Structure formats: C-alpha cells, structure tokens
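Before any comments, here is the structure.
The shown structure was predicted, so the numbers you read here are calculated from the model rather than taken from an experiment.
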Amino acid sequence: MQWMTIFKKELLEDWRNYKWIWVPLVFIVICIMDPISTYYLPQILESVGGMPEGTVIEPPEVEPAQAIMMSLTELSMLGVLVIVAISMAVISGERKSGVAELILVKPVSYFTYISAKWAEKLLLVFTSYLIGMLASWYYVDLLFGQITVGQFFSLFFFYLIWLIFVISLTIFYNTIVKVPGLVLTLTVVTIMAMSAINQIFSYRMPWFPNSISGHITKMLMEGSVPSALWGAASITIIVSVGLLIASNYILKTKEMAD
C-alpha cells in the first residue's frame, strides 16, 4: 500500500511536469534522427549547395541492422543524458528540501521509498524507449529494409537492461548527494569512465555492461545471441540490483546520521 502510494505520487508529479509527454517525444526524435538523415543525406547535401558541378552523390549503402543500431548509438549519448536529467532530483531534491524526512518519519521503509521511485522512472523510460524504437523500426523498415520481429524485440530487451542500469546508477547517486546537478555530473562521469574502460579492455572483459551495444550489433549481423551478450546482460542486472541494495543502505545510514 505504501509502495503504491509513493509510486502513484511520482506518476502524478511527472504527469504534472509533462514528462509523460515530452520525454516520449524526445525519444522519438533521438531514435529516428540518424536513420532518416543518413537516408536523405544526398538530398540534404544538394539543398545545402557548394558541391562542384556534375558531382554525383550516391546514397550510402546501409544495412537495416546498421540503420537501427544508429538509434541505439544516439540513445547511448543523448538518451542517457535525458534519463539522467529526469532522474537526478527524484530523491536528492526531496532530501535537499526536507520532503524525504517527512515521508521517512512515517512507517515507510527506505527500500519502499527508493524502489517505488525507481520503478516509476523505469516505467517512464520503458514507455518512451518503446515508442521511440517502434518509430525507428518503422522508418528503418521503410527506408533500408526489414528488421524481423524477433530481431527487434531481442535488441529491445537487451538494450533495456543497459537503461535499467543507468536508472539504478542515477538513483544510487541520488542517495549519496543532495545536489541534483552533482548527481547528473557523477552519473555521466561514471558512465564515461566505464566506456573508456570498456574500449581499453573490451577483449579481456566481454561481459562489461558497456559492451552490450557491441554485442547487440553482432547479434543482428549473425542472427543469434552471442554468449558474451548473455554474460554482459547478467552482470548488468546483478550490478543494478547491487546498486539498489547499496542505495537503501546509504540512504538509511545518512538519514539516521542526520
């Protein structure tokens, strides 16, 4: 009952802030931006002008799998920033304003408080991500070729695990600091550092969370799920659960100390 009350409160707050409108719209733009611009690149260059007379611009040859991976590439950059931005004050803002203390004074467990907020943000991101990728799937199928239902939902499922990790990491930093801007900075810096580690040690650590996108590309090209993708997905889920458990411990410790 308490969990659902907090969950509904977050839903209502995000609705009043129009997040349930603008976040899906932003995800649609992010997901379709690269496939469409790549397909119409010759027309764009011609309209811009400045090309030598007689120049023939051939459209780039892009496979359907490569086209839909463009959407995931943009989500890995812009999409992650949007997710962190909408989640950076979910707990830290209430801790800073004192609202969290009022809620936790009641017989509400710390994990109930954290998990309800995590679940609501996950629902918002899941919905936006699904709508955005369905739009991308439509345009990729229309402009580049067919992506099967199986390929799409495999891609969707495995990349969703990475987004769950991003939300969990943001929630984790929400319990450490009270300044939303600092939560955003710490989360982005952590993801960038993980990306650098993945690039350096990718062959030695194929299970690293940041390697999920690369394994998804291989899956689409080969038509089967690589064992490394299962490993990376499993590790990412375990780390996400660990972050939630750590968030509960840190928030409980800090609130008791205050």
Item checked: Worked verdict on Thr236 versus Trp162 for side chain to side chain donor-acceptor pair (under 3.5 Å) -> CA-CA 7 Å; Thr236 306; Trp162 167 251; over 6 Å; no
Note to self: Check this for me: Lys9, atom NZ, are more than 12 non-hydrogen atoms of other residues, nucleotides or ligands nearer than 6.0 Å?
What the structure shows: yes
Checklist line | Worked verdict on Val149 versus Trp137 for side-chain contact (heavy atoms from CB on, under 4.5 Å) | finding: CA-CA 10 Å; Val149 175; Trp137 187 19; 3.8 Å; yes
Next item on the list: Could you tell me whether a side-chain N or O of Lys117 sits under 3.5 Å from a main-chain N or O of Val90, the two making a donor and an acceptor?
Entry: yes
Under 3.5 Å donor-acceptor pairs involving side-chain atoms of residues 184-193, not counting sequence neighbours:
unit_1, atom_1, unit_2, atom_2, d
Thr185, OG1, Gly181, O, 3.0
Thr187, OG1, Val183, O, 2.7
Thr190, OG1, Tyr173, OH, 2.7
Thr190, OG1, Leu186, O, 2.7

Notebook entry, point to check: Measuring from Trp207:CH2 to Ile212:CD1, what's the distance to the nearest 0.5 Å?
Noted result: 12.5 Å
Notebook entry, point to check: Roughly how far apart are Lys121 NZ and Ile86 CD1, rounded to 0.5 Å?
Noted result: 6.5 Å
Item checked: Within-4.5 Å side-chain heavy-atom neighbours: Leu251 and Tyr113 -> yes
Note to self: Quick check against the 3.5 Å criterion: does Asn17 have a side-chain atom that pairs as donor or acceptor with the backbone of Glu13?
What the structure shows: yes
Checklist line | Considering all heavy atoms, the nearest Ser92-Ala89 contact | finding: OG-CA, 3.5 Å
Margin query: Nearest 0.5 Å, please: how far is CD1 in Ile161 from OG in Ser240?
Written below: 8.5 Å
Item checked: Validation row: Tyr138, Met133 side chains within 4.5 angstrom (heavy atoms) -> no
Check: Is there a side-chain contact between Ile131 and Phe126, using heavy atoms and a 4.5 Å cut-off?
Finding: no
Note to self: Would you say that Pro209 contacts Met194 through its side chain, given a criterion of any heavy-atom pair below 4.5 Å between the two side chains?
What the structure shows: yes
Next item on the list: Kindly compute the distance separating CG (Leu123) from CD1 (Ile167), expressed to the nearest 0.5 Å.
Entry: 10.0 Å
Note to self: So for atom CZ, which belongs to Phe152, do other residues, nucleotides or ligands contribute more than 12 heavy atoms lying within a distance under 6.0 Å?
What the structure shows: yes
Next item on the list: Can you see which heavy atom on Ala116 is nearest to which on Trp3, and at what distance?
Entry: N-NE1, 3.3 Å
Next item on the list: Please report the shortest heavy-atom distance between Asn210 and Ser195, naming the atom on each side.
Entry: ND2-N, 3.4 Å
Note to self: Please give me the minimum heavy-atom distance between Glu94 and Ser97, naming the atom from each residue.
What the structure shows: O-OG, 3.3 Å
Next item on the list: Kindly state whether the ring of Phe144 and the ring of Tyr39 have centres lying under 6.0 angstrom apart.
Entry: yes
Note to self: According to a hydrophobic-cluster definition based on side-chain heavy atoms being under 4.5 Å apart (Ile, Leu, Val, Met, Phe, Trp, Tyr only), do Trp118 and Leu12 belong together?
What the structure shows: no
Notebook entry, point to check: Would Leu163 and Leu134 show up in the same hydrophobic cluster when neighbours are defined by side-chain heavy atoms closer than 4.5 Å?
Noted result: yes
Check: Hey, quick one: are Leu124 and Trp15 part of the same hydrophobic cluster, counting side-chain heavy atoms closer than 4.5 Å, chains of contacts allowed?
Finding: yes
Note to self: With a 4.5 Å cut-off on side-chain heavy-atom distances among I, L, V, M, F, W and Y, is there a chain of contacts connecting Ile164 to Phe153?
What the structure shows: yes
Next item on the list: Please round to the nearest 0.5 Å and tell me the distance separating atom CE of Met33 and atom CD1 of Ile28.
Entry: 13.0 Å
Next item on the list: Side-chain contact test, heavy atoms from C-beta onward, threshold under 4.5 Å: evaluate it for Trp20 versus Leu11 and give yes or no.
Entry: yes
Checklist line | Spacing of NZ belonging to Lys96 relative to NZ belonging to Lys178, to within rounding of 0.5 Å | finding: 10.0 Å
Next item on the list: Determine the minimum heavy-atom distance between Ile147 and Ala65, stating which atoms define it.
Entry: CD1-N, 3.8 Å
Next item on the list: Verify, without hydrogens or angle tests, whether Arg95 (side chain) and Asn174 (backbone) share a donor-acceptor contact under 3.5 angstrom.
Entry: yes
Margin query: Assigning hydrophobic clusters by single linkage (Ile, Leu, Val, Met, Phe, Trp, Tyr; side-chain heavy-atom cutoff under 4.5 Å), is Val241 placed with Ile238?
Written below: no
Checklist line | Close side-chain approach of Ile30 to Val26, heavy-atom, < 4.5 Å | finding: yes
Note to self: Can you give me the closest heavy-atom contact between Tyr139 and Ile32, atom names plus distance?
What the structure shows: CD1-CG2, 3.8 Å
Next item on the list: Might you confirm whether atom CH2 of Trp22 has over 12 heavy atoms from other residues, nucleotides or ligands at distances under 6.0 Å?
Entry: yes
Check: Side chain of Thr175, backbone of Phe172: donor and acceptor closer than 3.5 Å?
Finding: yes
Notebook entry, point to check: Does any non-hydrogen side-chain atom of Ile235 lie less than 4.5 Å from one of Phe208?
Noted result: no
Solution key, residues 66-83 side-chain donor-acceptor pairs under 3.5 Å, sequence neighbours excluded:
unit_1, atom_1, unit_2, atom_2, d
Gln66, OE1, Glu63, N, 2.9
Ser71, OG, Cys31, O, 2.4
Ser71, OG, Ser136, OG, 2.6
Thr73, OG1, Met69, O, 3.0
Ser76, OG, Leu72, O, 2.9
Ser76, OG, Tyr159, OH, 2.8

Margin query: Donor-acceptor pair, distance only, cut-off 3.5 Å: does the side chain of Ser37 make one with the backbone of Asp34?
Written below: yes
Next item on the list: Report the C-alpha distance between Tyr129 and Phe156 in whole Å, list the side-chain angles of each, state the deciding distance to 0.1 Å, and finish with yes or no for ring-ring contact (aromatic ring centres under 6.0 Å, His included).
Entry: CA-CA 9 Å; Tyr129 168 53; Phe156 181 86; 4.4 Å; yes
Donor-acceptor pairs under 3.5 angstrom involving side-chain atoms of residues 214-232: please list them, not counting sequence neighbours.
unit_1, atom_1, unit_2, atom_2, d
His215, NE2, Pro206, O, 2.6
His215, NE2, Ser211, OG, 3.3
Thr217, OG1, Ser213, O, 3.2

Notebook entry, point to check: How about Ile171 and Leu243: do any of their side-chain heavy atoms sit closer than 4.5 Å?
Noted result: no
